[in-house]
There are 2 protein chains.
Amino acid sequence: MPKKREETEVFHEHLKRTRLKRTAQRDAILDVFLDTEGHVSSEELYALVRAKDPAVGFTTVYRTLKLLKECGLARELESYDGRTLYEHHYKHSHHDHLICTQCGALIEFYSEEIERMQEEIARQYRFKPFHHSHRIFGACAKCQKEEKARASAQ
Amino acid sequence: MPKKREETEVFHEHLKRTRLKRTAQRDAILDVFLDTEGHVSSEELYALVRAKDPAVGFTTVYRTLKLLKECGLARELESYDGRTLYEHHYKHSHHDHLICTQCGALIEFYSEEIERMQEEIARQYRFKPFHHSHRIFGACAKCQKEEKARASAQ
DNA sequence: CTTAGTGCAAACCGTTTGCAAATGC
DNA sequence: GCATTTGCAAACGGTTTGCACTAAG
């Protein structure tokens, strides 16, 4: 997996640049994080890291996620229930989310037009955009189907 | 202010419909809420209500805001710092926000095209959208100007 | 040997809940 | 009278912080 090595380097570079230390815990957390696909909460990541190395604390996971955000490897997104999810971001192009409020499923979408319109709007208000969060809440296909099945069953 | 009376009626109707009781506290909170323009946090609203009627608790403000959401008078939105803001929503058309991460300013925007594109995307994924949250974070015109002034001052 | 990182427990902050007393209907 | 609402205090859940200890450079 050449990508993983590259991302690991990005992290080590970041540590060096900011004169931080490379530790076993940070390496373990990065390693596990890069092995997850999709979205993880901090607790999930903690549990996964724990499974491999029980000597890692909650705190360190949080602190490391912050570092990963800083060096652009992790992207933070707010789920529908208020807790924070993370996904890796490095060379994983920008996208927004459809969020199923029944099962919590996250569907990624990307629209060139919407991105363009956002730029346009920001310009109108002389607003300098840094980033955005665009979430559409509703029911995913699966949950709609189940809903329908439940309705006809009674 | 004919609008306010109308909204008050909506609330009282909602109470009747759901067999809830009309109380002095609920009336006070509604009254103060309708008098605010723009966005209030629950604590701000609590403070404002407190100023008029010191015998109202935190809890009641939260619980009443929930009722106001239910009957469509209040809309909830997440600020950039994780706390919840409320705005009144009744006959106040839908919009999204540009959020200044420096001063917290909220600028409302609305784009027919973006709304349309969202529908389109949902359709593509057979997703049934209920509502959405679209926030663009960045620096407002004022903060950019101040930033520039600070930079040239040194 | 100096500086930063760690794990733990405690603090935090906005929000929610359990409860006995108070109030609307 | 009966159910609902209230305010308080305590609980909650996710995140952050203070601190004595440990480890990296």
Side-chain angles (χ1 to χ4, degrees), chain A residues 11-33 39-71 74-86 104, chain B residues 8 11-33 39-71 74 76-86 104:
Chain A
F11 185 56
H12 292 159
E13 268 312 302
H14 179 70
L15 292 180
K16 211 171 276 179
R17 193 159 11 90
T18 51
R19 260 169 280 280
L20 298 176
K21 290 168 181 171
R22 179 173 168 187
T23 67
Q25 288 91 328
R26 287 180 176 166
D27 275 353
I29 293 165
L30 172 67
D31 189 61
V32 172
F33 180 61
H39 315 85
V40 262
S41 64
S42 30
E43 304 102 87
E44 279 163 0
L45 185 59
Y46 170 67
L48 291 167
V49 173
R50 262 302 170 114
K52 287 201 171 179
D53 180 353
V56 175
F58 245 137
T59 320
T60 306
V61 172
Y62 272 109
R63 291 195 270 229
T64 305
L65 277 169
K66 202 161 131 200
L67 292 178
L68 293 173
K69 264 189 290 174
E70 282 168 20
C71 67
R75 173 175 179 217
E76 198 177 273
L77 57 113
E78 303 150 54
S79 182
Y80 67 106
D81 56 0
R83 88 186 151 175
T84 308
L85 297 179
Y86 299 86
Chain B
T8 306
F11 186 55
H12 292 158
E13 266 314 301
H14 179 70
L15 292 179
K16 213 170 273 179
R17 195 162 7 91
T18 51
R19 261 170 280 279
L20 298 176
K21 289 168 184 170
R22 180 172 168 187
T23 66
Q25 288 91 329
R26 287 180 176 165
D27 275 352
I29 293 165
L30 172 66
D31 189 60
V32 171
F33 180 61
H39 315 84
V40 263
S41 64
S42 30
E43 305 103 86
E44 279 163 359
L45 186 59
Y46 170 65
L48 289 169
V49 172
R50 262 306 170 114
K52 286 202 172 179
D53 180 354
V56 175
F58 246 137
T59 320
T60 306
V61 172
Y62 273 108
R63 291 195 271 228
T64 304
L65 276 169
K66 203 161 131 199
L67 293 180
L68 293 173
K69 265 190 286 173
E70 282 168 20
C71 66
E76 198 177 272
L77 58 113
E78 303 151 54
S79 182
Y80 67 106
D81 57 359
R83 90 189 147 172
T84 308
L85 297 179
Y86 299 86

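Chain naming here is simple, since letters A, B, ... match the order of the sequence lines and numbering starts at 1 in each.
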Query raised in the report: Who passes ring-ring contact (aromatic ring centres under 6.0 Å, His included) against Phe11(A), sequence neighbours left out?
Result: none

Query raised in the report: What heavy-atom pair brings Leu15(A) and Lys21(A) nearest, and what distance separates the two atoms?
Result: CD1-O, 3.9 Å

Requested in this report: Under the ring-ring contact (aromatic ring centres under 6.0 Å, His included) rule, collect the residues that match up with Tyr46(A), sequence neighbours excluded.
Outcome: Phe58(A)

Query raised in the report: When you list every nucleotide of DNA chain C with an atom under 4.0 Å from a heavy atom of chain B, which one comes first 5' to 3', and which comes last?
Result: dG14(C) to dC25(C)

Query raised in the report: Leu68(A) and Phe33(A): side chain to side chain contact (heavy atoms under 4.5 Å, CB included), yes or no, with the steps?
Result: CA-CA 10 Å; Leu68(A) 293 173; Phe33(A) 180 61; 3.8 Å; yes

Report task. Report the residues that fulfil salt bridge (Lys or Arg N to Asp or Glu O under 4.0 Å) with Arg22(A), sequence neighbours left out, ordered by chain and then residue number. Result -> Asp27(A)

Report task. Tell me, please, which residues at least two apart from Lys52(B) pass side-chain contact (heavy atoms from CB on, under 4.5 Å). Result -> Asp31(B), Val32(B), Asp35(B)

Query - With sequence neighbours excluded, residues passing side chain to side chain donor-acceptor pair (under 3.5 Å) with Lys69(B) - result: Glu76(B)

Requested in this report: Pick base, sugar-phosphate or nothing for Ser41(B), based on heavy-atom distances below 4.0 Å to the nucleic acid.
Outcome: nothing

Report summary line: Sorted by number, residues from residues 54-66 of chain A placing a heavy atom under 4.0 Å from DNA chain C are Ala55(A), Val56(A), Gly57(A), Thr59(A), Thr60(A), Arg63(A)

Requested in this report: Rounded off to whole Å, could you give me the CG-to-C1' distance for the Leu15(B) and dT4(D) pair?
Outcome: 12 Å

Query raised in the report: Rounding to a whole Å, what distance do you find between Arg50(B):CZ and dT6(D):C1'?
Result: 13 Å

Report summary line: To the nearest angstrom, the CG-P distance between Asp53(A) and dA23(D) comes to 13 Å

Requested in this report: Starting from P on dG25(D), measure out to CZ on Arg19(A) and report it in whole angstrom.
Outcome: 14 Å

**Report entry** Which residues share a side chain to side chain donor-acceptor pair (under 3.5 Å) with Glu78(A), sequence neighbours left out
**Finding:** Arg135(B)

Query - Partners passing side-chain contact (heavy atoms from CB on, under 4.5 Å) against Glu13(A) (at least two apart in sequence or in another chain) - result: none

Report summary line: Arg83(B) atom CZ is separated from dT16(D) atom P, nearest whole Å, by 16 Å

Report task. Not counting sequence neighbours, list each pair that qualifies as a side chain to side chain donor-acceptor pair (under 3.5 Å) and has a residue in residues 56-65 of chain A. Result -> Ser42(A)-Tyr62(A)

Query raised in the report: Among residues 21-29 of chain A, which contact DNA chain C at a heavy-atom distance under 4.0 Å?
Result: Lys21(A), Thr23(A), Gln25(A), Arg26(A)

**Report entry** For Arg26(A), all residues meeting side chain to side chain donor-acceptor pair (under 3.5 Å), sequence neighbours excluded
**Finding:** none

